[in-house]
S.K.: 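Would you mind keeping the following structure in view while I ask a few things?
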Amino acid sequence: MTFDSVFFFYLSTLGYALSFTFYLLHAVLGSAKVSALSSAEREAAAGGQRLGIVAGDAALAVPRGRVNWGRLATGMTWLTVAVATVGVILRVIELARVSSWVLTIFLPATTTYETLTFFAWIIPLTYLLLERFYPIKQVGIFTTGLALVMLTVAASPSIAPSSVAPIMPSLQSYYLVIHVFLMLTGIAFLTTGFGATLLFLYERYSGREIVNLERLDELMYKAIAFGSALYGFGGIVLGGLWAKEAWGRYWGFDPKETAMLVAFLGYMIYLHARVRWGWRTPQVAWLAVGGYLLILYAWIGINYFVKSLHGFV
Amino acid sequence: MSCPKCQARGEQSSNFCSHCGPPVRSTVVRDQPSLWERLVAFQQGIRSDLWTFFTSITLGIVLLALILILSLIETLIPQAAWTREVDYIARYGVEGYGWIKRLGLDNIYGSWYFLLSIMLFFLNLSFNTYVRLQASIRWWRTDFAKTETAKLAALPLHRRLEFGPVSADPRRIKGQVRSALRRRFYRVKELPEGLFAQKWKFERFGIDVLHISLLAVIIGLALTYTLGFRTFQTAHKGEIFEAPQGGFSVKVEDFWSENYPDSERIMDWKSTLTILEGGQSVKTQTIEVNKPLIYKGIWFYQAAFGQDWQGAAQVTLRVERASEGKELGEFAAKVDDGFTIPDEGLFVAVKAFLPDFGLTENGIVYSRTQRLLNPAAYVEVYDAKGQMLMRTWTFSQTDMQELVGQLSRDLPYRIRLVGMKAPEFTGLQINADPGLPVAYGGFIMMFMGFLTHLFFKHKVIWVRLEEAPLPLHLTIGGMARNNPISFAQEFEQIVRALQVGLNARTSTETETETRALATISEGSP
């Protein structure tokens, strides 16, 4: 055990593996359960769910003596997120220690390892927050699965060495915390939105309505509207303010900046197309998929194409 | 509405028929319109067409997509602002670079097609902002208290609560409902037949503010790019330079870098600058990365730090006679200068130094980076009469030097680059940004717009209390401008709280209708 935070991230890897399994079991066994209910029960459940009054779990009340996988999955994820929170906080302390406390609380997202573990914390967290309002647990398979993959990749020392490095001069700013935090949180929301989009498209094309499409669309819309607002604000405004201080201009067409704008514009197209052509149109949902691909491009892809002032990200 | 002349139905603006052309008028249409009438019609037609064109959301989406694609290309092709011609040729070849230049792909944001699409987008956004703002103002002026409390039962979200004879005191019931709603931040108003409550009506303007903020940011950028400037200045210790457009000069007193304690890693770069006005020192400040000096609207940033290889390098060369391999010694000289070897009667001129030697496809020599990766010097050797004997590139890397040796076996002297040094310099970014206040104003509005739109939704609740027909009952109905699901949750919580607090029972007759969701259709873009 090199660092304490690393240990907690190992623990959360295990946790996400369990929650992923539980979400999967919930999706597989849960849908079978609905058809087992009597038609009257199903009617009542559907009514409650559509109103959003009754949580999905309570509506599809599990008969006594059977395991409620959905609830188990949510509980497990909350627990794992709590463990990962400890890991992230420890990482902040470790980072500050090697940077000799330059009067700033650092965001643990400066190396590949930190970014991956940070995402493995924030993506399930944003998903859980959304799940409270929209208990569509099929999306949980995607978010916890993704967190699991990220932590597994982070565990490989060759791809993501877990050693703590001091923060370089150009990153020593309060904006590092707030700009990067908003952008990453935005991406986390958009990731949940992407999971919902995948489910939406699956339902649209397979014709099987696992979850009420209207609710699914609202989750998708909420996650994306919230995520792109955070992403856009964190990028255009806070990134601009920081760039003004560090490079002398708030906008300079640096490739990474532009790529951020491109991804933001992509989501703006989705949001306006949703108004213009209606959410039921599958092409509109495809625009959301395109938006997420642009996010991936701006976040990771761009680093392989061009040299940018953001060379350190 | 149908056109009075051609009777065509369908999409018609208020003053123009899309089918037969002339304006839709309720007056009698003459067979032969006068020239004036035709002109008026023509002008109205154009106006209406332009209006339809610029207020179209589809146009906005198309322009967004266009800007997106152009920006995407910009991220893939390095832009002329930070790329040298040699780098383009090294990357795309002469032919490819020719095409990039012809299409303006090396300067997309300065190209006519990008500026045109941005201008169209700006117009489209302005028109749509205006249209939407009008609708928001209409919304703001609408008195929702007056809207049809009689039709409460027609609202998608409504409930009916009945009271037994014990709890049936209309005044007390009203009071309890009022305080229950106030606890949830509703502003409650008394109506003759019951209560009217609403909250967060202002949120309708969130998106408007957001759109206006975008317009402001675009205007700010345009101001900066037309009226501002941006330069890069390298300076050695003690150097004084003239600030562009400022009418004052700046002296670089000192600069240095600081490491992390017990580490090789750089913690910060710093420079101490003094502003001189008419020879008088006005202000002295130490700047560092992320902490600029601002004077008279001009910003000075610590932007770079390093060794001035291409400006003022000094090289050390080892010279030996090729025929017998006799070493003549090591000599040092600056670029654009040289040294003499008296024994041989030679003068060696150092013409150029590159820290990272590279060759383009068509044989142009350039420095790939500013780091000392593959240093090379270009030298010319003259005899006592000033006759040039040879010229060659010389390297410090062994494999490169061997290659030169093989290519130039018949040269009289072998020269090798054995040492190099350069003075340190500090790189300052200097700029003026007149669009800054406008853009920052836009930033603040953007923040407020996002906040309003994401966290608030206009919610309206009507309550009607009726005694006839008995028993005393209360009908509560509500709607939200958006967010039907979360509003349905809130509504249900309110109803449940009332039910418990007032000891009422819900009648079952209307319950099946509550399944559909409540939203208000907006009727505006």
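Computed from heavy atoms alone, side chains included, the values below leave out hydrogens, waters and symmetry copies. The structure presented is a predicted model; accordingly, all values stated were derived computationally and were not measured. In what follows, every chain begins at residue 1, and chains take the letters A, B, ... in the order their sequences are listed.
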S.K.: Taking the side chain as C-beta and beyond, is there a heavy-atom pair between B/T58 and A/W277 under 4.5 Å?
M.R.: yes
S.K.: Is the shortest side-chain heavy-atom distance between A/V237 and B/V217 below 4.5 Å?
M.R.: no
S.K.: Select one option (side chain, backbone, both, neither) describing which atoms of A/I236 are under 4.5 Å from chain B's heavy atoms.
M.R.: both
S.K.: Once rounded to the nearest 0.5 Å, what's the spacing between atom OG1 of B/T75 and atom CE of A/M260?
M.R.: 12.5 Å
S.K.: How many angstroms lie between CG in B/L76 and OG1 in A/T258, if you round to the nearest 0.5 Å?
M.R.: 10.5 Å
S.K.: Is B/F232 in contact with chain A via its backbone, its side chain, both, or neither, using a 4.5 Å heavy-atom distance?
M.R.: neither
S.K.: I need the A/F233 CZ to B/L451 CG distance, nearest 0.5 Å.
M.R.: 9.0 Å
S.K.: Hey, what do you get for NZ (A/K244) to CG (B/L436), rounding to the nearest 0.5 Å?
M.R.: 5.0 Å
S.K.: Answer with side chain, backbone, both or neither: which region of B/F491 has an atom nearer than 4.5 Å to a non-hydrogen atom of chain A?
M.R.: neither
S.K.: How many angstroms lie between CZ in A/F264 and OG in B/S71, if you round to the nearest 0.5 Å?
M.R.: 13.0 Å
S.K.: Quick one: of B/I108, B/L70, B/I61, B/D433, who has the most non-hydrogen atom pairs under 4.5 Å with chain A?
M.R.: B/I61
S.K.: Between chain A and each of B/Q79, B/E258, B/R230, B/K291, count heavy-atom pairs under 4.5 Å; write down the option with the most.
M.R.: B/R230
S.K.: Please walk me through it: do A/F226 and B/F450 pass ring-ring contact (aromatic ring centres under 6.0 Å, His included)?
M.R.: CA-CA 9 Å; A/F226 212 85; B/F450 273 136; 9.7 Å; no
S.K.: Just by modelled atom types, is the A/L241 backbone N or O under 3.5 Å from a matching donor or acceptor in the B/Y440 side chain?
M.R.: no
